[in-house]
Amino acid sequence: MRIDAAVRAARGRLSAAGVDTPGLDARVLAAEAFGVDAAGLISRGGEEAPIGPLAAFEAMVERRAAGEPVGRILGRREFRGLDFALSADTLEPRPDTEALVAVAVAAVRSGTVPGAGPDGEGLRFADLGTGSGAIAVALAAELPAARGIATDMSGGALATAAANAERHGVADRIEFRQGDWLDPLDGWFGLIVSNPPYIETAALAGLPREVREHDPSRALDGGRDGLDAYRAIVGGTAARLLESGLLAVEIGAGQGESVSRLFSRAGLAEVAVHPDIGGRDRVVTGRRTMMRGITASSG
Ligand code: GLN
């Protein structure tokens with residue numbers, strides 16, 4: 001069978017299985033199996049598919065047809081232009097989450113994060129529930145002088161995150177610590193970020209099977225109202241955020257108001273909601289202030 005015929009057959013198989021993007025997924029898996037890039041897949045389409053790679057390709061296509069996401073099949077996912085290894089203990093990084101990194105990096109670059117220069121000089125950041133390490137590693141890569149601590153309750157996730165930090169040359173600037181949210185932290189931070197679980201428990205069963213069956217449920221399940229993790233995080237920040245320090249969290253659809261309210265009630269100031277690339281509310285930020293009364297009366 002020719003390579004292009006194999007890709008066409010795969011697209012048909014994935015389409016019949018109800019996959020959203022059958023052509024794209026078939027091409028990405030084929031490029032991996034045949035060891036070529038997108039251009040090579042086209043220029044070499046007329047070649048006979050070698051038997052080993054063809055069998056590997058067909059096995060990958062069957063996994064995709066059974067609902068496994070492409071990133072899980074490849075074992076890696078791109079985030080902010082970097083490749084991240086995944087494991088069973090890590091959420092697959094989403095393009096939506098890039099907005100969180102963008103907001104945090106922009107704040108540092110604009111000089112509004114206490115103690116931090118534009119490249120993160122002097123910055124101490126924390127990433128809570130780091131998973132694959134995508135957020136912490138991207139921050140360290142984009143702010144080449146920043147240092148941070150990344151926490152996770154899962155030892156397996158931390159091992160994957162540490163390997164990802166190593167792979168991108170930032171392992172000397174991120175420390176990985178096991179525990180819940182802020183528990184493993186000590187000292188003070190100019191920036192705290194997190195993409196915590198935020199799906200309401202009752203909504204988990206209705207997620208697409210790509211998510212439901214392949215992302216770890218403890219990275220998704222935000223409790224009865226989806227806000228459990230935000231309560232834990234917001235409650236702990238007073239003892240860890242520097243004056244004017246920034247807390248930035250990812251939120252789910254429709255959570256802008258409820259998470260903003262949690263921030264405000266905890267005394268965080270300048271609370272704001274930011275959109276992702278799709279224009280949906282995706283990030284909530286707030287700043288620690290010890291002069292709440294003054295901020296309130298002057299603002
Ligand atoms: N964005 C993920 C989803 O929609 C959820 C990630 C999370 O709970 N932090 O499946």
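Numbering of ligands and ligand atoms starts at 1, following listing order.
Between Arg64 and Glu210, at least one side-chain nitrogen of the basic residue sits less than 4.0 Å from a carboxylate oxygen of the acidic one, meeting the salt-bridge criterion. Salt bridge annotation for Glu213-Arg72: absent, with no cationic side-chain nitrogen under 4.0 angstrom from a carboxylate oxygen. Ion pairing between Asp186 and Arg177 holds under the 4.0 Å rule for side-chain N and carboxylate O. Salt bridge status for Arg13 with Glu62: present, with a side-chain N to carboxylate O gap under 4.0 Å. The pair Arg2-Glu47 does not meet the salt-bridge criterion, since no charged nitrogen lies less than 4.0 angstrom from a carboxylate oxygen.
In the vicinity of Leu220, heavy-atom distances shorter than 4.0 Å reach the ligand 1 atoms 5 (C), 8 (O). Residue Ala219 has at least one heavy-atom neighbour below 4.0 Å for each of these atoms of ligand 1: 7 (C), 8 (O), 9 (N).
Of the heavy atoms in Val211, only side-chain atoms (C-beta onward) come closer than 4.0 Å to ligand 1.
Using cut-offs of 30° and 60° on the angle between ring planes, the pair Tyr230 and Tyr198 is parallel.
The closest non-hydrogen atom to atom 7 (C) of ligand 1, taken over Gly129, Ala229, Gly252, Pro196, comes from Pro196.
Protein heavy atom closest to atom 4 (O) of ligand 1, with residue, atom name and distance, is Ile199 CD1, 4.3 Å. In terms of protein heavy-atom proximity, atom 10 (O) of ligand 1 is closest to Arg94 NH2, 3.0 Å.
When only interatomic distances are considered, the shortest N/O to N/O separation between Tyr198 and ligand 1 falls below 3.5 Å.
In this structure, Arg224 contributes its side chain and Glu200 its backbone to no donor-acceptor pair below 3.5 Å.
Within the 4.0 Å heavy-atom shell around ligand 1 one does not find Asp96. Remark: distances from the non-hydrogen atoms of Pro208 to ligand 1 are all 4.0 Å or more.
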